[in-house]
Protein chains: 2
Amino acid sequence: MNKSAKISGQQDSGRTGLPAHEVIYRQLRDLVLFGDLAPGQPVTIQGLTARLDAGMTPVREAIRRLTAEGALEFQGNRRVCVPLLSADNISEIILARQWLDPHLTLRATERASLEDLERLTALDETLDAAITKGDLRAYLELNYRFHKHLYDIADAPILANLAEGLWLRFGPSLRVVCGRMGTQNLPDKHKDMLDAMHARDAESAARAIREDVIQGMEQVRQSLESSSPAH
Amino acid sequence: MNKSAKISGQQDSGRTGLPAHEVIYRQLRDLVLFGDLAPGQPVTIQGLTARLDAGMTPVREAIRRLTAEGALEFQGNRRVCVPLLSADNISEIILARQWLDPHLTLRATERASLEDLERLTALDETLDAAITKGDLRAYLELNYRFHKHLYDIADAPILANLAEGLWLRFGPSLRVVCGRMGTQNLPDKHKDMLDAMHARDAESAARAIREDVIQGMEQVRQSLESSSPAH
DNA sequence: GTCACTAGAATATGATCAAATTATCCAGTG
DNA sequence: CACTGGATAATTTGATCATATTCTAGTGAC
């Protein structure tokens, strides 16, 4: 009678057809991406099983994936934490995005359908609303989704994957910096970019995105530089 | 008497202090990197537990990590396989490496110690020996280690990580192409690059690496293009 | 300040359930 | 009578959990 007890075994306590480790991965990724986890904060398996109400195995696998993507960091002694980026690290990310984002924008401009342009415009308007309302969390998520949609349009899965990995790396630091400075003087070259895309002027669109990236990331770099000045 | 049987529970049947999942990860990564796994080949968890003589959990985690890095691919229906790259995929990788590798070489030239240069020279000589001997596997491994060491010298962990991820993606395809063409007309601009590094001519070194990358990767792209000609 | 001990967290295993692929069989047709 | 097509059964493989084991770090005593 107890031999066939409800030991469970598998998934889908929710309604999705997705495996649990996939669901947990996405939840944890969003936690990192939108700054719900602070840089330097330890990430424990048991803490996440409690926080996300999940089993140990799915949480383990999600942590492994995020670690491989650079969103989390092995601390040597089997501990995992959210990485603390140095100013040099940010410089690397700036360099990479300075090349990746314009290139993807170039391709996106050539391929974007009218629906795509409408979707981007709508996202940007919601983004503006979040800024004026001072809703930091919404800003971070919408800004990500704006760029993410741009990547998707570009139809270059590998390059887009690289770019997304960079977002995972600077997400926590971005949150800290924005939280420190408020949502006022945030960069928004999106309008210029959208105008250029509508005109199918790929070069101008790429240039606008490049400025958007540099402006935003330089603020992060400078903030990081002043908060940990000496080595 | 059997209750306390050798259920084991943990690691270190070898001698290393590394956790099993780390060891398995490296083994599986090398399998992908050096073409021991063919593109399209299914990767089963139970197959690997048998092949690598490991438990299920470490194998699972290794697969998750490699999947996150793009070395393996979820096939939707919970199956995992080695990715089959299209010519477009290779084009993306060429673009990225065309930017990444020269940049890293630039930095490496500025930072390389004499020991580093000696090590690179030694690696390249062993590489030449492998080519003349026609030892494909050794060529693949040494070529990787040559570039990897270059990345390490550059002292840019994030950019280096991106570059290594690209190697994982084209490793299996590279093996197929090289196996088809033999080890004769393989690119080797390493000599020019090393001369430039010795002279601390970073620009020339970067240019040499760029040609090396383009030559090698273009062969892969063209091979991919002819083997799957239609859209 | 060093060392032993303890508490807590991570690693790894095997058992068990679920799903997907493969193999098998039967019916209907040329 | 041989052959194709579809449905069902069997096997293989993946997903998840509970638990045992081991390592790390923190605590207190000497």
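Only heavy atoms go into these numbers, but all of them, side chains included; no hydrogens, no water, no symmetry mates. Numbers restart at 1 for each chain; the letters A, B, ... are given by sequence-line order, proteins then strands.
Between B:Glu110 and B:Arg107, no side-chain nitrogen of the basic residue sits less than 4.0 Å from a carboxylate oxygen of the acidic one, so the salt-bridge criterion is not met. Salt-bridge check for A:Lys148 with A:Asp152: passed, with a basic side-chain N closer than 4.0 Å to an acidic carboxylate O.
One finds no side-chain N or O of A:Asn77 lying less than 4.0 angstrom from the OP1 or OP2 phosphate oxygen of D:dC23. Checking the phosphate oxygens (OP1, OP2) of D:dA15, a side-chain nitrogen or oxygen of B:Arg64 falls inside 4.0 Å.
One interatomic measurement links the two molecules: CD of B:Glu22 to C1' of C:dA12, which rounds to 15 Å at whole-angstrom precision. If you take CZ of B:Phe74 and P of C:dA20, they are 14 Å apart, rounded to a whole angstrom. Separating the CD1 atom of A:Ile63 from the C1' atom of C:dA10 is a distance of 10 Å, rounded to the nearest angstrom. The separation between A:Glu61 atom CD and C:dA12 atom P is 13 Å, rounded to whole Å. We find that CD1 of B:Ile45 is positioned 18 Å from P of C:dA19, with the value rounded to whole Å. Note: NE2 (B:His21) to C1' (D:dC23) measures 12 Å, nearest angstrom. Counting to the nearest Å, the C1' atom of C:dT11 and the CZ atom of B:Arg65 are 14 Å from each other. With rounding to whole Å, B:Leu18 atom CG is found 18 Å from D:dT22 atom P.
Closest to the B:Pro19 side chain, of the nucleotides D:dT24, D:dT16, C:dA12, is C:dA12. Looking at the side chain of B:Met56, the nearest of the listed nucleotides D:dC17, D:dG14, C:dA15 is C:dA15. The side chain of B:Arg79 lies closest to D:dT13 when the candidates are C:dA12, D:dT13, C:dT11. With D:dG14, D:dC17, C:dA9 as the candidates, the nucleotide lying closest to the side chain of A:Pro58 is D:dC17.
Counting non-hydrogen atoms under 4.0 angstrom, A:Thr57 reaches a base of the nucleic acid. Heavy atoms of A:Arg60 sit under 4.0 angstrom from at least one base atom.
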Practice problem: Could you walk me through whether A:Asp88 and A:Ser91 pass the side-chain hydrogen bond (donor to acceptor under 3.5 Å, both in side chains) test, one step at a time? | Solution: CA-CA 5 Å; A:Asp88 285 346; A:Ser91 296; 4.8 Å; no
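Side chains of B:Thr44 and B:Gln46: no donor on one and acceptor on the other come within 3.5 Å.
Between A:His103 and A:Trp99, the two ring planes are parallel [angle under 30°; tilted spans 30° to 60°].
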